[in-house]
Protein chains: 2
Amino acid sequence: MNERSARRLARLADTLAQGGSLRLADAAALCGVSEMTIRRDLAAGDGELTLMGGHLVRAGDPRYAPVYDLDDQRDRQAAAKRRLCRRAVERVEEGDTLFIDCGTTLMPLVAELANFRELTVVTYALNVANAVARLPHLRLVLLGGVYHASSQSFGDEAVDAAIARLGINRAFLSAAGLHPRHGLSCFHFHEVAPKRAAIATAGERILVADATKLGVIRPARFAELEEVDLLVTDAREGDMEGLQGPRVLHG
Amino acid sequence: MNERSARRLARLADTLAQGGSLRLADAAALCGVSEMTIRRDLAAGDGELTLMGGHLVRAGDPRYAPVYDLDDQRDRQAAAKRRLCRRAVERVEEGDTLFIDCGTTLMPLVAELANFRELTVVTYALNVANAVARLPHLRLVLLGGVYHASSQSFGDEAVDAAIARLGINRAFLSAAGLHPRHGLSCFHFHEVAPKRAAIATAGERILVADATKLGVIRPARFAELEEVDLLVTDAREGDMEGLQGPRVLHG
DNA sequence: CAATCAGTGTTATTTTTCTAACATTTTCTG
DNA sequence: CAGAAAATGTTAGAAAAATAACACTGATTG
């Protein structure tokens, strides 16, 4: 996926941040491109946005999640994420204190945590917090602040201090872009501070990123590749050339 | 619309109560009728359910969807609480920064805020935060910390400092007990710190409490009656004897 | 019992959405 | 700048959904 394509997707995601839907034609007009281009953007995207009968909606919105069948095309991406998270959770040990980043990539990870007895989860994302709160035996620490609908997360200048006070064993990070020379980047600048704080504090830094993130640069750069210890991805060896730094776990 | 038609719609609405979508074919199978019948049901119905590209979803622009809380609906006092909150919201002015306490009492208040253009809501409760996050024009500040499932709220020792940094116009407080001599109390000790911090900072302190809270003492005492400026309640004059301090608004 | 009518199913037609193919424009590269 | 590659637009056809038309069923009623 290319730069402009991603920018359009981000803009649309922002528009739909509070939920709701957008007709494909309106989305195209909003971005000043043809409907076909929006379709292609969606196909190349990470599945956060999805098309339902000509209407663009947030895939994560429980309002539109299918009750019954799961045979959607969109599910392909979701299946990849589940697979990656299943690999990633192998690193977790009983008693850990985990940091979980925002976005949709790491949502399946929370589901995988249900089998642990004693875990503390630290996050600044509302969707992650809601998922964790449903698991009664997990301890949850939410880093507060001003809410950013675009990423469903909180943050302010106090987040560094708040994270520093915690003893985090493992940080699970997500990134919208992962580039050999430009390192790790995300869409929103407000995500940078908590990500950096987590990287600084955590014992082990684990990045989970599907193949579509590879070779991509996003506006907000938050770390170098060398700053993470492990990369969990479904990208094949061929796609990884020039990527140095983390050990790689293929999902 | 006829009896059976309404019954099918009710059943489908029930299936989608928790959100989610249903393909028309599945909906038809679920009701044991043809797709065409479902289409006709929907056309005759009240528009609660709608068809989006072959998928049945709960209708209306979710952006302005009413904020429902499941706990709230189970609550016998729900109607009273809604009435009290409608009275309480009269105090709110455009541009305010509001503190909203935890519990179910103040949940209807959030729904009432949908019509304001410019508000900032400060809270330490997960249920309140989720409700506010769905309203686009509202700014949300969540006070983070360790999650307490018992009250669906967060809190730690840093909450005082976090609240003190904010300029709060009006604090909407809830209490589990309200007693002439023993003042205001709640169930959980972890609620005391944020409540006290809000009382200390806010310009106007508004306590919302239905009649069942009157004359009751709970384990965690957090304030005196005199520390709130206004009490919104449905209790009758007779029940209020000995209650001194706040001005009273009857809902 | 025939006529009627509401409720539903079936089929056909129109409209919309999706997909693929190819044309055009823009951006990159040597 | 020429040529290649990428991005986007346009068009046409396939698939799916929405609508309309008509047929069937079973109950009601005069």
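Chain letters run A, B, ... following the sequence lines, proteins first, then strands; residues in each count from 1. Since this is a predicted model, take the numbers as computed values, not measurements.
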Set out, line by line, the N/O atom pairs under 3.5 Å between protein and nucleotides 13-22 of chain D.
residue : atom : partner : partner atom : Å
D:dA18  : OP2  : B:R39   : NH1          : 2.7
D:dA18  : OP2  : B:R39   : NH2          : 2.7
D:dA18  : O5'  : B:R39   : NH1          : 3.2

Give every pair of a protein N or O atom and an N or O atom of nucleotides 23-27 of chain C that lie under 3.5 Å apart, one pair per line with the distance.
none

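Checking side-chain atoms of B:T123 against main-chain N and O of B:C102 turns up no donor-acceptor pair under 3.5 Å. At least one donor-acceptor pair closer than 3.5 Å links the side chain of A:R196 to the backbone N or O of A:F222.
Residues A:G45 and A:L9 approach most closely at CA-CD1, 3.8 Å, considering heavy atoms.
Counting heavy-atom neighbours within 6.0 Å of A:R139 CZ, excluding the residue itself, gives a total of 12 or less. Shown here is B:E118, whose CD atom has no more than 12 heavy atoms of other residues, nucleotides or ligands within 6.0 Å.
In this structure, A:S34 reaches the D:dG9 phosphate: one of its side-chain N or O atoms is under 4.0 Å from OP1 or OP2. Look at A:T37 and you'll find a side-chain N or O under 4.0 angstrom from OP1 or OP2 of D:dG9.
Put simply, CD1 on A:I38 is 13 Å from C1' on D:dA7, counting in whole angstrom units. In this structure, A:R7 atom CZ and D:dT8 atom P are separated by 12 Å, rounded to whole Å.
Side-chain contact between B:F116 and B:V89: present, with at least one pair of heavy atoms (C-beta onward) separated by less than 4.5 Å. Between A:T201 and A:L166 there is no side-chain heavy-atom pair separated by less than 4.5 Å.
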Carefully, step by step, assess A:E157 and B:R165 under the rule salt bridge (Lys or Arg N to Asp or Glu O under 4.0 Å).
CA-CA 12 Å; A:E157 70 289 342; B:R165 272 209 313 275; 3.5 Å; yes
